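This report concerns only the one structure given below.
This one's a predicted model, so the numbers in the text were calculated from it and none came from an experiment.
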Amino acid sequence: MSLSINELVVEADRCVACGLCLPHCPTYRKTGSEADSPRGRIQLMRAVAQDILPNNNRFKQHIDLCLSCRSCESACPNSVNYGALVDSTRAIFIQQKIMWFALAKPFIRCRLLMSGLTWLIWLIQQCKFEGLLKRLNSAAKLLPAINKPVTWKSLYPTTAKSKQGDVSLFLGCASHALDSDTLKASIYVLNALGFDVHIPAQQTCCGSIARQMGDVAEANKLLALNQRSFDVSMPILTVASGCGSGLNDYLTHHHVQDVSAFLASCDWSKVNIKTLNQRIFVQDPCSLRNGQKSHASVYALLKKIPQAEIVPLSSNGQCCGGAGAYMLSQPSMANQLLNDKLIAIKNAEVDILATSNIGCSLHIAKGLKDQHLNVSICHPIQIIAKQMGFDNQ
Ligand code: SF4
Ligand code: SF4
């Protein structure tokens, strides 16, 4: 929700400064500074909105350090809408001037350009020049070995005997470019359960990164394009909870749902799922836990796999530090939080880690690789699709 300056002050006034959110805030836990806590940031936002404090670099630093993880929002007994406060503050007072974002904008806007770039990266990786690619910058270092790019059809009809309905699938820039296996697995499972899957060609980025950068004009442009592209009569299913959370907040005329949440409530009685005698740890992305509040559906979905033991990762209440573009813009804090996640993974001796957000997946996978930890990290839908016979070859 976008707030005007007056609405921002009214929402900030709803904070009674009880401090119950403080222990849930990752940045406050790391710095111990009130100004890096939700309560402190809300006071700062209100003071700047009322011209009591200047909108200077110190203010910007404290707002920039916020992950937008919204753990504070989940903990707040007064239901203060912290997400709307920080989004609106970024839109009104802080526009980031970041070179990589300016360069990335045309690719984010245009799926054709994004597809071209994906093909180029894939070809470079095939030719084994990826060492060169990874020396270029920190964003390139996050790149996994990508699958051969896919040209999506507009319709994937159900493979079940009786059709249950129609759904739209949101591709998302990062998932489309780097995680096409998850999208293919989602289509496979949805088709098997009786759903026709529609992929509107005009769909575009969800706008979350632009919003995080304070570029509200760009975010709204992308939103309007998605608004026109998707049929309002079908649910829009997302595989990346970062996209899902952003669309849920701002694409108000459509019903947006995480793919696991949708699937967990479907009829599975006619589907065969092979047993998997393994422990699967689940990492809860903040965007699924605090944004869409549907993290429980991932456990419900994976528990459909006979004999699989589904276990929450012990540090699930704390952000991994990925947080959209945060891993690029705030690498120091992002790495401190990543380190906590890696310790939890090592302590639990994790073999398989399921996560529903491509951002978390890339950030954690980079940490695992740097520490030479052999953990298979993938989207939960890939795990269940494989047990249903999905073969990506
Ligand atoms: S969104 Fe996350 S990092 Fe930001 S104030 Fe709330 S808990 Fe702290
Ligand atoms: S828990 Fe809610 S009311 Fe209490 S300090 Fe935090 S934001 Fe304010």
Side-chain angles (χ1 to χ4, degrees), residues 1-56 58-94 208 211-212 214 241-242 245-246 248-250 283-296 312-324 326 330 333-334 336-337 340-341 344:
M1 193 201 307
S2 288
L3 307 174
S4 64
I5 293 187
N6 284 345
E7 288 167 336
L8 194 153
V9 172
V10 170
E11 188 60 29
D13 275 343
R14 294 185 56 247
C15 170
V16 295
C18 65
L20 288 173
C21 53
L22 265 62
H24 300 271
C25 175
T27 57
Y28 176 70
R29 285 210 296 258
K30 290 295 176 200
T31 69
S33 160
E34 175 73 15
D36 293 325
S37 77
R39 180 175 64 186
R41 286 187 179 113
I42 291 170
Q43 305 296 328
L44 288 174
M45 290 189 248
R46 178 173 42 204
V48 168
Q50 294 179 316
D51 264 338
I52 295 166
L53 283 179
N55 177 10
N56 59 15
R58 280 183 69 190
F59 171 63
K60 183 176 178 305
Q61 276 164 18
H62 293 302
I63 300 300
D64 284 351
L65 198 66
C66 170
L67 296 137
S68 295
C69 69
R70 293 164 67 179
S71 287
C72 48
E73 210 179 283
S74 292
C76 177
N78 217 23
S79 306
V80 172
N81 192 342
Y82 182 87
L85 283 173
V86 77
D87 277 2
S88 307
T89 296
R90 284 176 170 142
I92 301 169
F93 300 109
I94 300 169
S208 296
R211 209 170 288 284
Q212 197 180 12
S241 58
S245 179
N248 236 332
D249 285 349
Y250 292 95
Q283 182 257 353
D284 296 341
C286 306
S287 42
L288 196 63
R289 192 182 169 98
N290 306 316
Q292 298 186 85
K293 303 201 187 317
S294 60
H295 56 293
L313 191 65
S314 65
S315 64
N316 266 343
Q318 180 174 292
C319 178
C320 67
Y326 192 93
Q330 300 287 335
M333 181 60 77
Q336 286 181 55
L337 299 173
D340 291 351
K341 204 59 66 178

Where do V80 and E73 land on the side-chain contact (heavy atoms from CB on, under 4.5 Å) test, with the steps shown first? CA-CA 6 Å; V80 172; E73 210 179 283; over 6 Å; no
Within the 3.5 Å criterion, strictly below it, is a donor on [X] or [Y] matched to an acceptor on the partner's side chain?
X	Y	value
S287	S241	yes
R58	Q61	no
S68	R211	no

Provide the closest heavy-atom pair for A344 versus S314 in the form atom of the first, atom of the second, distance. CB-OG, 3.7 Å
Using every non-hydrogen atom in the two residues, find where S74 and K293 come nearest and quote the distance to one decimal. OG-NZ, 3.6 Å
Please lay out, stage by stage, how V86 and R90 fare under the test side-chain contact (heavy atoms from CB on, under 4.5 Å). CA-CA 6 Å; V86 77; R90 284 176 170 142; 3.9 Å; yes
[atom1]-[atom2] distance between [X] and [Y], expressed to the nearest 0.5 angstrom:
X	Y	atom1	atom2	value
M45	I63	CE	CD1	4.5 Å
C286	Q283	SG	CD	7.5 Å
Q50	L8	CD	CG	9.5 Å
H295	L288	NE2	CG	7.5 Å
C319	L337	SG	CG	6.0 Å
C66	L44	SG	CG	11.5 Å

A side-chain contact here means heavy atoms from C-beta on lying under 4.5 Å apart; do K341 and L313 qualify? yes
Hey, can you pull the donor-acceptor pairs under 3.5 Å for the side chains in residues 18-27, sequence neighbours left out?
unit_1, atom_1, unit_2, atom_2, d
T27, OG1, D36, O, 2.7
T27, OG1, R41, NH1, 3.1
T27, OG1, R41, NH2, 3.1

Using modelled atom types and a 3.5 Å cut-off, is there a donor and acceptor pairing between side-chain atoms of Q212 and backbone atoms of A323? yes
Flag, side chain of S37 to backbone of G40, donor-acceptor distance under 3.5 Å: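 Yes, the answer is positive, given that a donor and an acceptor are paired below the 3.5 Å cut-off.
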Of all residues at least two apart in sequence or in a different chain, which pass the salt bridge (Lys or Arg N to Asp or Glu O under 4.0 Å) check with D284?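 Listed in chain order: R289.
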Residue list, salt bridge (Lys or Arg N to Asp or Glu O under 4.0 Å) with E34, at least two apart or on another chain: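 Listed in chain order: R39.
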For S4, the side chain to side chain donor-acceptor pair (under 3.5 Å) test, sequence neighbours excluded, returns E7
Partners meeting side chain to side chain donor-acceptor pair (under 3.5 Å) with S294 (sequence neighbours left out): none
Taken in chain and number order and not counting sequence neighbours, the residues that satisfy side chain to side chain contact (heavy atoms under 4.5 Å, CB included) with N55 are V48, F59, F93
Whether R70 and D249 form a salt bridge (side-chain N of Lys/Arg under 4.0 Å from carboxylate O of Asp/Glu) is what I want to check.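 Yes, charged N to carboxylate O under 4.0 Å.
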State whether D340 and R29 are salt-bridged, where the test is any N-O pair (Lys NZ or Arg NE/NH1/NH2 against Asp/Glu carboxylate O) under 4.0 Å. no
As a quick check of understanding, evaluate side chain to side chain donor-acceptor pair (under 3.5 Å) for D87 and Y250, giving each step before the final call. CA-CA 11 Å; D87 277 2; Y250 292 95; 2.7 Å; yes
Could you go through the side-chain contact (heavy atoms from CB on, under 4.5 Å) check for I92 and L3 one step at a time? CA-CA 9 Å; I92 301 169; L3 307 174; 5.9 Å; no
Let me see the working for E11 and Y82 under side-chain contact (heavy atoms from CB on, under 4.5 Å), right down to the final yes or no. CA-CA 9 Å; E11 188 60 29; Y82 182 87; over 6 Å; no
